[in-house]
Amino acid sequence: MVALIATLLLVGYSNFGSKARLINDYFDRADYAERGFWILTGQVPYRDIPTEYPQIPAGLFGLVTWVAKTLLPAEWPISAGFSILWSVFMMIVFLLTVWQMHRMLPVGRKNLAWLLFLPSVIYFSMNRFDMLSVYLGLIVFMFILDKRFAWAALFLAIGVFTKWYLGLTLPFILAYEFNQTRKLPWRSALIFFGVSSLIVLPTFILGGFQAVWQPYGWHLGRVVEPGTLLWFINNIVFNLTGGKADLLSAAPVFTIIQFMGILSIFITRMDTFKKVVLASVVSILVFIIFSRIYSPQWWLWALPLLILSIDNVTDLCLIVGYDILNYITFPVIYDLTGRESLICLTLNVLGLLILSALAIRALVKLDRLKRSIVV
């Protein structure tokens, strides 16, 4: 399978001459390579080389850059070698994720793991690094399922500093542990925050608080991007008022709303694994829907948990439909017509509607489990 993926990357290295990045998206991988040059220059990430990524990928970028420089032919540009090695590495992670998904699904539902072979999943697995956090997230939920909460806390900390979104699941995990053990989950909390501190400590020692804060400040300073809910609402208000009002200044409010999915913890006691999964789905989808950043790869964050919570054909159709739509929107239509073309924006609206439907369905399922009897 890895050889097949590598062949696909090489055969489609030029995306078959298309303007659209149908298979290979060199933009982000080139950015990753640039962020990894610290290992060759002796510079310090976050202090000397600004980066918008957490500590785990920042370290991995450096490691893969070093491997590309050391093992590949000297005449190869380092960024080209990095791009190939990174995609192969991420596809190995992708296959591990499929295997882990298959392990976690109950007998009779294991075929649902094939949903990870949908086009958008394959595309962003090859061209981004979100699949690494997805794999770590599944490891966390496997340990939760086995009630091995200390190990779950350890891998959650590693996962959070791979992609911060996994922090949205922490309240539900701690609540579930409390309801299972009838003890305050102080040990898991201590492991999570202790490991998190150890991961951040080198950045603090080498660059101080400014270096630690740098990636968070970078993201908070990002502008409202076309295709996001806030962008659409702002344009509606702007046009209705004849240009006298806009909501761009309300971006911080939307940032706060992004975390409101955590409040689903008050809908019902977190006393079953399925409730933790559903609450996490709600929290992650709310974060995505209300974000002012257009990042279609974030779909990977929610997908494994959505697969674990599939109840009927409607769930299946929404998942498959959104994934296909997501790939058609980006990279195909996005590259061929532009991010602010009518067709691209129309597909963005449809995508937001499907994500909202998935979030509402998860919320309804969570509410229905309110009176469930725990055996």
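We use all heavy atoms of the structure for the numbers below, so side chains are in, but hydrogens, waters and symmetry mates are not.
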Check whether any side-chain heavy atom of [X] lies under 4.5 Å from a side-chain heavy atom of [Y], and answer yes or no.
| X | Y | answer |
| --- | --- | --- |
| F37 | I78 | yes |
| Y165 | D130 | no |
| R187 | F149 | no |
| F161 | V195 | no |
| F254 | L247 | no |
| W231 | E340 | yes |
| L22 | Y327 | yes |
| R35 | E52 | yes |

Heavy-atom neighbours of [X] [atom1] exceed 12 at 6.0 Å:
| X | atom1 | result |
| --- | --- | --- |
| W218 | CH2 | yes |
| Q43 | CD | yes |
| F238 | CZ | no |

Using the rule that two of Ile, Leu, Val, Met, Phe, Trp, Tyr join whenever any of their side-chain heavy atoms come within less than 4.5 Å, decide whether [X] and [Y] are in one cluster.
| X | Y | value |
| --- | --- | --- |
| L71 | V64 | yes |
| Y53 | L40 | yes |
| L352 | V253 | yes |
| I256 | F259 | yes |
| V224 | L220 | yes |

Search all heavy atoms of [X] against all heavy atoms of [Y] and return the closest pair with its distance.
| X | Y | value |
| --- | --- | --- |
| M101 | P304 | CE-O, 3.7 Å |
| R339 | P226 | NH2-CD, 3.6 Å |
| V282 | A362 | CG2-CB, 3.7 Å |
| T228 | Y294 | CG2-N, 3.6 Å |
| G261 | S264 | O-OG, 2.7 Å |
| S120 | D323 | N-OD1, 2.9 Å |

Spacing of [X] atom [atom1] and [Y] atom [atom2] [to the nearest 0.5 Å]:
| X | Y | atom1 | atom2 | result |
| --- | --- | --- | --- | --- |
| I49 | I39 | CD1 | CD1 | 10.5 Å |
| M104 | L138 | CE | CG | 5.5 Å |
| F192 | L154 | CZ | CG | 11.0 Å |
| L136 | I56 | CG | CD1 | 8.5 Å |
| L303 | L308 | CG | CG | 9.5 Å |
| N24 | M126 | CG | CE | 6.5 Å |

Mind running side-chain contact (heavy atoms from CB on, under 4.5 Å) on L60 and L132 for me, showing each step along the way? CA-CA 11 Å; L60 286 172; L132 180 58; 3.4 Å; yes

Quick check: does any side chain N or O of [X] sit under 3.5 Å from a backbone N or O of [Y], one acting as donor and the other as acceptor?
| X | Y | value |
| --- | --- | --- |
| Q180 | D271 | yes |
| T65 | F61 | yes |
| R361 | T314 | no |
| S133 | F129 | no |
| S309 | L306 | yes |
| R47 | L206 | yes |
| D246 | L248 | yes |
| N127 | Y123 | yes |
| Y46 | G208 | no |
| N326 | P296 | yes |

What do the steps show when you test Y26 against N15 for side chain to side chain donor-acceptor pair (under 3.5 Å), and what is the final call? CA-CA 11 Å; Y26 296 107; N15 294 309; over 6 Å; no

Taking the inter-plane angle between the rings of F287 and W298 on a 0 to 90° scale, is it parallel (under 30°), tilted (30 to 60°) or perpendicular (over 60°)? tilted

Y322 and W299 aromatic ring geometry - parallel, tilted or perpendicular at 30°/60° bounds: tilted

Working for side-chain contact (heavy atoms from CB on, under 4.5 Å), residues Q100 and L96: CA-CA 6 Å; Q100 184 61 39; L96 288 172; over 6 Å; no

side-chain contact (heavy atoms from CB on, under 4.5 Å) between L85 and L72: does it pass, once the steps are laid out? CA-CA 10 Å; L85 290 175; L72 296 180; 4.0 Å; yes

State which residue, out of V281, V277, D315, fulfils the side chain to side chain contact (heavy atoms under 4.5 Å, CB included) condition with K365. D315

Could you walk me through whether Y176 and K147 pass the side-chain contact (heavy atoms from CB on, under 4.5 Å) check? CA-CA 9 Å; Y176 179 62; K147 297 182 175 57; 3.6 Å; yes

Closer than 4.0 angstrom, basic N to acidic O: yes or no for R128 and D25? yes

Ring centres under 6.0 angstrom apart (W164, Y216): yes

Check: F117 ring centroid to F94 ring centroid under 6.0 Å: yes

With R103 as the cation and W99 as the aromatic partner, state whether NZ or CZ is under 6.0 Å from the six-membered ring centre and within 45° of the axis. yes

Do K275's NZ or CZ and the ring of F172 fall within the cation-pi criteria of under 6.0 Å and 45°? no

